[in-house]
Structure formats: C-alpha cells, structure tokens
Q: 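Let me begin by handing over the structure; questions about it come next.
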There are 2 protein chains.
Amino acid sequence: MSKPTIIDLAKAAGVSPTTISHAFSGRRPVDTETKERILKLAREIGYHPSSMARGLRSGRTGTIAIASSMPFSVAAGPSRLGFLMEIAASAAMSALTRNIALCLIPPLAPESNLASLGFDGVILVEPTSKDPLIAHFEARHTPIVSIGKVAGRTDIPAVDLRSHETARMMLDHLRDMGSRQVALIVGAADRTSQLETEAAYVAFCDEGGMSPRIVRLDEDGGEQAAQDATRDLLAASPHLDGLLVPVDAFASGALAAAHAAGRRVPQDLRLATRYDGLRAKLARPGLTAVDLGLAEVASLAVELLLARLDGTPANVMAPRPRLVVRRSSDPTAPAG
Amino acid sequence: MSKPTIIDLAKAAGVSPTTISHAFSGRRPVDTETKERILKLAREIGYHPSSMARGLRSGRTGTIAIASSMPFSVAAGPSRLGFLMEIAASAAMSALTRNIALCLIPPLAPESNLASLGFDGVILVEPTSKDPLIAHFEARHTPIVSIGKVAGRTDIPAVDLRSHETARMMLDHLRDMGSRQVALIVGAADRTSQLETEAAYVAFCDEGGMSPRIVRLDEDGGEQAAQDATRDLLAASPHLDGLLVPVDAFASGALAAAHAAGRRVPQDLRLATRYDGLRAKLARPGLTAVDLGLAEVASLAVELLLARLDGTPANVMAPRPRLVVRRSSDPTAPAG
DNA sequence: GGACTTTAGCAAAACGTTTTGCTAACCGGA
DNA sequence: TCCGGTTAGCAAAACGTTTTGCTAAAGTCC
C-alpha cells in the first residue's frame, strides 16, 4: 500500500476531494462534524498532503535556502562555520514553525547544480556587492534577502547588522580601556560590515587625532595570514596598543602574533573582535567580542524573506549589538 | 512574463514537450542537432524545469534532510554545533553534486510542523535507539539512514562510526603515555558511540587489571556539568591519571576542573576527547582528539541514503579514525 | 524489393493537489 | 408561497512535468 492520496481519503470519508482540501486549508467552510471525521480518518490511514502536488498548484515549493559565499577555507573551516551555522540553525527553526523547510547551500556550490533546485527564496549571508550568488538567483527570479546590507544594492531587502555601530562600540571600548593607537585588521572583500567598520574606524581616528592604520587581508588566508600580518604590523608599529580585528579567525591569529612578539594582552595591547563565537570564548585570554543576537537576526531574515514573497518587503534592523567584555581588552573582566 | 514552461520552450523550438523532456533527461535519444538547439533556446528564454512538476510525476522531491536529536543546549550550543554542522555542510555539498537539496531539521523541531514537509529521505546524526525522530519518519514511510549505528536496529542502514576502535585507540594512547588509572566520562543517552566506548573501556580495564570508573552525564548539562562531575571525581579518586571524555564539551569542562584541582595536564592527568573540533584545537593545552573524517562520513551518508532510495542499501564503514595527539596527553606534542 | 530494425518525434495519460463555478438543500421573512 | 441568502458539498479544470505507446521515415540485410 503506497501513500494514501486525497482521493483515497475522500473515498474513505465518503466526500469529494474538494471537501478534503477545504477541510485542511480552511479556505471554504466545512461542516464541523464532517471536518472532524476527515481529520480523524486522515490520521488513521496516515494521509499527508503531498507537498509537491500542492506546490505545483500554488507555485510555491515551501522551501527556502540559505547561502554564504565566503571562501571555503573561511566559511567551512572552523572559523566561519560557527557564524554561518549559528544563523542557519536559528533560521531553520524559524522557518519550520511556518511549515517551510530551510536548505543549506554550501559555499562554492557549483552554479550548474544549483540550477535545478527550486527555492521560493534565498537568504544570503553577508554577500559582497558583486557576489556571484546574487547574479545567479536574480537570473532565476528567485527572491533574495540578505543578512547585512549589500553595498550599492538598496533594492535587496536586508537585515541591517549595524556594523558601524558595532565597530564604534568596540573602538570606544578600546579607548576607554586605555588604547591610544589602534590599528584595524579587516577582510579585503567589500562586505558592508567591513566597509562600515572601516568608515567607523576612520572617523574614530579622526576624532582622536590618530593616524589610521588599516590592514586588509584576503579572507582565504585565515588564521595564519592574520598571524603573519600582525607580526609585521607590530614590528613596524611598536607603539600600537590596540587592535580591532572583526573576523574572529583573524583575531586568533593576531592574538598568537601578539604573544609571539612578547606583548602582554591586555596590558600592552588590547584586542577586540566581532563575532562572539567559540573562538572568542575559548581564546586565552578570552576575546572581547560583540553579541550580535544572531538567533534573532536569523528569525528576522526569515520573516523578511516571507514578507518579500508576499510582496511587502521592508528593511529591518538587527537587535542592538551588545559588547561582551573579556580579558583581551579588560584585565578586570571575569576569567573564562 | 512569468517563468517559461516546457510548453513555451516546445513552441519556441518547434518540437513537442516530449522531445524537450527527453533532451533534458536523456531517457530517449534525441537528434544531436535538435538537442543543442533546445538547450541553447532554453538558456536564452531562461527555462528551468519545475522541480515540483517533476517531483509530482516521479514521486521524488529532490530534497533530503539532516537532523540531530541532541538536546538543544548541546546540539545548538557551541559545543555540538560544530560536529553537526561540519557534517551538514559536507552533506550539503555532496547532495548538491547530485542535484539534491539538503534541508536542516533543527533540534527539537516540533513534530507537528515536520509533518507537512516532504523529504525523499533523512539522515539522522547519532540517534538514540528510542529516538522520537525515528518513530516520526518511520510513521511517514520516509527512508532513514543514520550516522552511527542505532542500537538494536540493524534494519536502519548506517555509516558505522567505528566507535569501539576509536575508543580503543584513545585508551591505548593514554596507556602508552603513562596513564595507569583511566576514568571514562560519557553522555547518558544510549547512542551507539557511547555504548561502544563503554564496552571498549571495560575491556581495556579488564586487560590492564584496572577497575573501571564510569561517569555518565546528562547531555543537557554541557560543559558546566562536566566540570562539576570531574571536580567530584578527582576529589574522590586522587589516583586517577587519565580521563577519556568523548564529548568535547564535557572535555572542556573536565580540563577546567583539572586545572582548578591543581592537576598538571598532561604530567599528572592525561586527557583525550573524540571530536577534533574547534574546542579540541583551541583548548590549552590542546586536546588530544580523533579525526573522524566527518567530511567523508557525510558523503557516505548521502550515498547510502541515495542507495536506499534505489532499494540497495548496504551498511558502510566510516574512514579509519586517526588520532590527533596534542599536549593534553603528550608533553612532546607540538604546541598549537 | 520486400522484411526488419533503428531513429526521431508526437499525443495523451498520468501524478495529487487547489480553485472556481455551480447545485441543491435549508432557513427566515414577507 | 415565493424570494433572497446562507450552507455544504461536488465536478472539472488547471499546475508542468514524465512516461508509454505509437507512427512515420530512413537505413540494413538478403
């Protein structure tokens, strides 16, 4: 006996398929007693409406996707995985409560294979402005929303990650803790979070009369690249006493370089990073970081996408970021 | 202009829909020249076959799911997230190369909402033998494969994680490094990996004339529970000089407790854990762990599920686990 | 130059829903 | 008794594919 269809159920209940459909969808009134009989019977024979047949009729697959185009070494390596997956897990929950399945599009998915899959919409995590995934889905008329605004693309609804505010919060904190010469180590891609961070940093330097020192690293390089760059930076600029390193993998590398160079953290050199993931928590000393409220960000992104599917998109703000102070910047912070 | 259908393309190419279908699927020969014309035209007008229509006809959704029933605090908290997500990311890649989408079923998904989603099959990550997810999908006739065998369920095709071998490898290593009294701290659920680890441990103790000392912890407790339990354990058994702690979150806690109790790791107390994730790498000292080859495990699971869908399931072995020795057990291991 | 086989393609019937009229029965009011 | 309105339900047409026979036309063999 294969899966029962709406016809089987209709026969069993002695009504027409139409009535079954209405009983489930509620789009037309059905006699209460009949409806209950139908639902009970459905449970008994194990009937579940076929998502494909429904989708074919309604034009929706009931499936959305989430993707990040980060380089694989950053995205799938341990460093970025946390960030992306923390979002994905929350988004999946959020979607599921609306009877929508969330698919994972792995980084570097060969475009050709994406083609045949049908998603109602897609969430892009911090795409760059020229991201191939944007082009891909736009060509396919798949609605996009992004987590983090896309530079120059105001037409893509986004959850604003407040990166300017986040950066400013960290910089002010470093200053309050005593740093007078802060450098910035950042990824080279033109993600909005990095652009806004740079802007906030330049403004910060301006106000404090510092000369800005920005190091841009290829995201592919990961921890090791950051360690090398930081070694050189510290050698060239011995007066540095603060380091803003938004990418957590880079922060790990910077911390290692600081140790190697004999700088005491946080006494000689204060460090802060953006994503408050496992890396920040487990580093010694723990890395001062920012709680971005990713669970809520993910929920907002799902809601935003659904709103977009219904034709009423409206940009939305991430929850206010919250500084998590640890020993990498504040010697009085609790250990652990 | 809405999405072009096979009919539009057929008209444009001056052939019947049948021919289009064959041109794409290759199930019947089509004149090479005609086929090329069709494919070219398809690209031009932006035709993509509808996955739903296809699915409706063929009975496949082209979507598989991956789920873990780990308690949320363990699964979605930073501790287990790495393990699950490392698998999920690889599985997604693997599925995508076969034109299949991988959906994420978040831990603790309310069953009611799972109901309406149609998956061709599902991969369960280390389910317990009485896992509600198993019951759920079996009731729905959704084919299941699991990563890690399911105790008492030889009918569920599984990727054998070789947990007995893995445990033995770690125990032998601890002995070789000088441990004479090794305790085991393990999760309380009846996952095969834990059962096999216990069995291996008991056999190991037997051979070496040790009296086994097993602490079973509720997986919900996370790092803190492990820290508390380890504190008590070390106080009660001061002669302990080795600790096998397969769950990496527990291992973090155990390490903290060891430090707090003034035990030097690895000189007084050697420690090993199973999953070689961020935790093991970042701990100080680094935790000796096992490279389980999760990327390959995930691929195997996808292949296994696909084989099961085609009716030819056959259990399969994970790649041979590989010990990653770090300072938590071997003082001569390289730092970092 | 027949009798086969191969090749290239078409028509039509599924697949399991949702949606859109439509009908028949019933109700209350005038 | 008739009329408008409500209620409960049905029949049939989509939705966009894949699949199964079928038909011509062309090639192959003796």
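Bear in mind that the values here come from a model prediction, so they are computed numbers and not experimental data.
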Q: Look at the side-chain N and O atoms of Ser21(A) and state whether any lies under 4.0 Å from the OP1 or OP2 oxygen of dT18(C).
A: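 True: Ser21(A) side-chain N/O within range (under 4.0 Å) of dT18(C) OP1/OP2.
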Q: Check this for me: does any side-chain nitrogen of one of Arg320(B) and Asp160(B) sit under 4.0 Å from a carboxylate oxygen of the other?
A: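 No, no charged N to carboxylate O under 4.0 Å.
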Q: Do the side chain of Thr18(A) and the base of dA11(D) come within less than 3.5 angstrom through a donor-acceptor pair of N or O atoms?
A: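 Donor-acceptor pair under 3.5 Å: yes.
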Q: With rounding to the nearest 0.5 Å, note down the distance linking OG in Ser146(B) to CG in Asn315(B).
A: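 Going from the OG atom of Ser146(B) to the CG atom of Asn315(B) covers 8.0 Å.
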Q: Ignoring backbone atoms, establish whether Arg27(B) has a side-chain N or O less than 4.0 Å from OP1 or OP2 of dT19(D).
A: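 Yes, Arg27(B) has a side-chain N/O under 4.0 Å of OP1/OP2 on dT19(D).
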Q: Provide, to the nearest angstrom, the distance between the CZ atom belonging to Arg60(B) and the P atom belonging to dG16(D).
A: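 From Arg60(B) CZ to dG16(D) P: 24 Å.
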Q: In whole angstroms, how far is the C1' atom of dC15(C) from the CG atom of Asp8(A)?
A: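 Distance, rounded to whole Å: 13 Å.
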Q: Considering only NZ, NE, NH1 and NH2 on the basic side and carboxylate oxygens on the acidic side, decide whether Glu219(A) and Arg191(A) come within less than 4.0 Å.
A: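 Salt bridge: yes.
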Q: Of Met52(B) and His22(B), whose closest DNA chain D nucleotide lies nearer the 5' terminus?
A: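 The residue closer to the strand's 5' end, by nearest nucleotide, is Met52(B).
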Q: Report the distance from atom NZ of Lys11(B) to atom C1' of dG16(D), rounded to the nearest whole Å.
A: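 Result: 13 Å.
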Q: Rounded to the nearest Å, what distance is computed from the CD1 atom of residue Ile7(A) to the P atom of nucleotide dG16(C)?
A: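 These atoms are roughly 8 Å apart.
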Q: Is there a side-chain polar atom (N or O) of Thr19(B) under 4.0 Å from OP1 or OP2 of dC10(C)?
A: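 For dC10(C), OP1/OP2 do have a side-chain N/O of Thr19(B) under 4.0 Å.
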Q: Using whole Å, report how far NE2 of His48(A) lies from P of dT17(C).
A: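 Taking NE2 of His48(A) and P of dT17(C), I get 11 Å after rounding.
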Q: Could you tell me whether Tyr47(B) contacts a base, only the sugar-phosphate backbone, or nothing, with contacts defined as non-hydrogen atoms closer than 4.0 Å?
A: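 It contacts sugar-phosphate atoms only.
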Q: Ignoring hydrogens and geometry beyond distance, is the side chain of Arg57(A) in donor-acceptor contact with the base of dT18(C) at under 3.5 Å?
A: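 Side chain to base: pair found, below 3.5 Å.
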Q: I want to check something: taking the side chain as every heavy atom from C-beta on, are Leu96(A) and Leu102(A) in contact at a cut-off of under 4.5 Å?
A: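 They are not in side-chain contact.
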Q: Confirm from the modelled atom types if Arg28(A) and dG9(D) form a donor-acceptor pair under 3.5 Å, side chain to base only.
A: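 By the distance-only test, yes, there is a pair.
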Q: What integer distance in Å separates Lys35(A):NZ from dA8(D):C1'?
A: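 These atoms are roughly 13 Å apart.
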Q: Mind checking if Thr34(B) touches a base, just sugar-phosphate, or nothing, with heavy atoms under 4.0 Å?
A: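 Contact class for Thr34(B): sugar-phosphate only.
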Q: Within less than 4.0 Å of OP1 or OP2 of dT18(C), is there a side-chain N or O belonging to Ser58(A)?
A: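 No.
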Q: Taking atom P of dT19(C) as reference, at what distance in whole Å does atom CD1 of Ile6(A) sit?
A: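 Rounded to the whole Å, the gap is 11 Å.
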Q: Expressed in angstrom and rounded to an integer, what is the separation of Arg37(B) atom CZ from dA8(C) atom C1'?
A: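 It works out to 12 Å between those atoms.
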Q: Please determine if Lys40(B) and Glu36(B) form a salt bridge, counting it only when a charged side-chain N lies under 4.0 Å from a carboxylate O.
A: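 Salt bridge flag = no for Glu36(B) with Lys40(B).
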Q: Would you say Thr5(A) places a side-chain N or O within less than 4.0 Å of OP1 or OP2 belonging to dG16(C)?
A: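 So the side chain of Thr5(A) is outside the cut-off, no N or O lying under 4.0 Å from OP1 or OP2 of dG16(C).
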Q: Does Ser50(B) put a side-chain nitrogen or oxygen below 4.0 Å from OP1 or OP2 of dG16(D)?
A: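 Checking Ser50(B) against dG16(D): no side-chain N or O falls below 4.0 Å of OP1 or OP2.
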